[in-house]
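First comes the structure, then the notes that go with it.
Every chain is numbered from 1 and lettered A, B, ... according to where its sequence line falls, protein lines coming before strand lines. What you see is a predicted model, and the numbers here were worked out from it, not measured in a lab.
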Protein chains: 2
Amino acid sequence: MNQKMSNIANELTKNNIKPSIHRMRILEYLMDKRDHPTVDEIYINLKKECPTLSKATVYNAVSLFVNVGLVKALTIEGTEVRYDYTKNNHGHFKGEQCGFICDFDININQMNFDGLDHCEILSKDVNFKGICSECLLNNKR
Amino acid sequence: MNQKMSNIANELTKNNIKPSIHRMRILEYLMDKRDHPTVDEIYINLKKECPTLSKATVYNAVSLFVNVGLVKALTIEGTEVRYDYTKNNHGHFKGEQCGFICDFDININQMNFDGLDHCEILSKDVNFKGICSECLLNNKR
DNA sequence: ATATAATATTGTAACGAATACAATTGATAG
DNA sequence: CTATCAATTGTATTCGTTACAATATTATAT
């Protein structure tokens, strides 16, 4: 096992998740490709290398990861859940025409808000939607 | 038709939506009960008064409303879309234990962010999750 | 008022994402 | 090597949503 894989194994063990081959592969995928994939996208792409992989395994793995906080489940638009490994605070912008999701910088923790006294806030999400620069250019033509 | 209903009819006409009885009832429901209902909840509750109402009509109506910007589709958690009439800017907090969603004050437009140059931003959402004050109290017992 | 056209509504079928679960496979310890 | 436990698989099922043809309702013109 190379260095990268043993790091991934470590991440999992730290969170009380046994580092099986599939789980490691799935986490590796999420770490490498930060394009907020759906379960289906993870499944289709990993299936090439691991032909025995089942979609249920992907569902199991990502929900384990989400439960321990290793990855975040993004629900920017209805009926699709996407997964994001990145931990540093950022917002998500979804282009409504092309469907592309990109990260943007925003200091979510500096935002001041009111009306949630005595609540325990566990996660904060900022989602913008609109037309991305590329689509705007294409539309002009 | 009373004053309230003719106001609702007006809102719809202004947005080029013909004010049919069902559409008015559905919009009225969203205006009165600001608890971010799902299509199912709207359907079940209105069915009592309008027994002929079909779920397809609710889907049609809310998607018309969303398209013209009369109501907002909330996707705080995966696999459920909720609808919100309120137009003034606020955030949504979802209690993960009880599922209750409440609004909170946050000035979304004052937040400064970076990395979305040349994009046209059409909507901004702020979603927090955690444990609400009531659940926290209950857990202690 | 009546006929005609346009639109809204209904009910059902079909789809897709997600979950549940029993059966199988794989890993681990004695 | 065997027994035990956990991971994985494949399938069946559920549920929210969409699609669509049939029906009902509304508006318009005669």
Query raised in the report: Between the side chains of B:H92 and B:D84, does any donor sit under 3.5 Å from an acceptor?
Result: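 B:D84 and B:H92 do have a side-chain donor-acceptor pair below 3.5 Å.
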
Requested in this report: Verify the distance criterion only: is there a donor paired with an acceptor across the side chains of A:N112 and B:Q110 at less than 3.5 Å?
Outcome: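 The answer is yes; a qualifying pair exists.
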
**Report entry** Ion pair check, B:K72 and B:D125, cut-off under 4.0 Å
**Finding:**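 The answer is yes: the pair qualifies as a salt bridge.
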
Side-chain N or O of [X] versus OP1/OP2 of [N]: is the shortest distance under 4.0 Å?
X     : N      : result
A:S20 : D:dT8  : yes
B:T57 : C:dA8  : no
B:H22 : C:dT10 : yes

Report task. Pick base, sugar-phosphate or nothing for B:N60, based on heavy-atom distances below 4.0 Å to the nucleic acid. Result ->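 B:N60: base contact, heavy atoms under 4.0 Å.
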
Requested in this report: Name the nucleic acid region contacted by B:I21, choosing base, sugar-phosphate or nothing; use a 4.0 angstrom heavy-atom cut-off, strictly under.
Outcome: sugar-phosphate

Query - Residue whose closest nucleotide on DNA chain C lies nearer the 5' end, A:K18 versus B:T52 - result: B:T52

Report task. Measure from the side-chain heavy atoms of A:S54 and tell me the nearest of D:dT17, C:dT10, D:dT9. Result ->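 Nearest nucleotide to the side chain: D:dT9.
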
Query - Shortest side-chain distance from A:Y59, nucleotide among D:dG10, C:dT19, C:dT9 - result: C:dT19

Query raised in the report: Pick the nucleotide of DNA chain D nearest each of A:K47 and A:R23; which residue has the one closer to the 5' end?
Result: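 Upstream on the strand: A:R23.
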
Report summary line: Separation of D:dA7 atom P from A:L64 atom CG, nearest Å, is 8 Å

